[in-house]
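I have placed the structure first, in the form of structure tokens, so that the comments after it can refer back to it.
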Number of protein chains: 2
Amino acid sequence: MAGEIKQVLVVRADLKMGKGKLAAQVAHASLMSYLEAEKKSKSLAKEWIETGEKKIVVKASGEGELMRLYEEAKKEGIPCALVHDAGLTQLPPNTITVLGIGPWKGEEIDKLTGNLKLV
Amino acid sequence: MAGEIKQVLVVRADLKMGKGKLAAQVAHASLMSYLEAEKKSKSLAKEWIETGEKKIVVKASGEGELMRLYEEAKKEGIPCALVHDAGLTQLPPNTITVLGIGPWKGEEIDKLTGNLKLV
């Protein structure tokens with residue numbers, strides 16, 4: 001839909017994270033990226049909250065694709081945040097796990113992540 | 001640890017949600033509950049963000065247990081938020097899926113959720 005505001009959470013398909021671990025990492029990315037969006041546009045962030053916080057969880061092949069999307073989002077001026085896991089449990093320390101993009105204009109995010117599959 | 005601030009996300013073990021769906025619902029609960037915490041104590045919410053946003057994902061047996069925990073948290077003055085799913089995909093409309101509790105003092109949350117198992 002034109003004008004829709006959404007957030008996309010991109011997870012790494014190559015990491016074996018349990019359901020709870022994945023959920024916590026996605027929540028981390030979601031909140032960090034929300035705080036970035038709020039810095040850029042308080043009104044857009046507020047509108048996203050008030051219209052139901054649309055969130056989509058998709059997967060990328062690995063760290064390389066995540067980093068590429070992160071750099072592209074930053075270049076386009078789209079608020080985003082990368083989660084590094086402390087690595088206390090299932091993963092090696094400082095593993096990049098999830099990229100949060102937005103909340104931002106859906107059509108701008110789709111240019112970056114529109115081809116990625118849902119988790 | 002005494003004085004630790006954390007957030008607990010309680011999901012329903014009786015719902016069959018896919019990994020991505022679950023992650024999005026947990027992220028929803030996390031953000032809503034964070035915004036409640038921020039209303040109660042801006043400094044506590046900020047401290048949680050700055051100390052790494054500790055999040056734990058646990059499971060409850062079903063809607064009854066989730067509602068009971070929600071009522072208890074409210075009674076104790078602990079910031080919390082209940083997520084209702086719009087039900088456009090995997091679930092019937094308005095299904096309660098996740099309860100977010102905190103960020104708040106860990107020992108106070110533990111009184112409510114300390115016996116729940118990790119997801």
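- Using a 4.0 Å cut-off between charged nitrogen and carboxylate oxygen, B:R68 and B:E65 count as a salt-bridge pair.
- Between chain B and the residues A:I56, A:V58, A:V11, A:I49, the most heavy-atom pairs under 4.5 angstrom are made by A:I49.
- Interface residue B:V119: backbone and side-chain heavy atoms are both found under 4.5 Å from chain A.
- Contact check for A:E76 versus A:E108: no side-chain heavy atoms found under the 4.5 Å cut-off.
- Note: A:L31 leads A:L118, A:L31, A:L9 in heavy-atom pairs under 4.5 Å with chain B.
- Contacts with chain A were tallied for B:M17, B:K55, B:E53; B:E53 has the most, counting heavy-atom pairs under 4.5 Å.
- Contacts with chain A were tallied for B:K19, B:Q7, B:M32; B:K19 has the most, counting heavy-atom pairs under 4.5 Å.
- Between the OG atom of B:S41 and the CD atom of B:E36 there is a distance of 13.0 Å, given to the nearest 0.5 Å.
- A donor-acceptor pair under 3.5 Å is formed between the side chain of B:R12 and the backbone N or O of B:I96.
- The OG atom of B:S30 lies 12.5 Å from the CD1 atom of B:I101; values are rounded to the nearest 0.5 Å.
- Of all the listed residues (B:K21, B:Q25, B:H28), the one sharing the greatest number of non-hydrogen pairs under 4.5 Å with chain A is B:H28.
- When B:A24, B:A27, B:A29 are compared by the number of non-hydrogen pairs under 4.5 Å with chain A, B:A27 comes out ahead.
- When all heavy atoms are compared, the tightest approach of B:A23 to A:V57 is CB-CG2, 4.4 Å.
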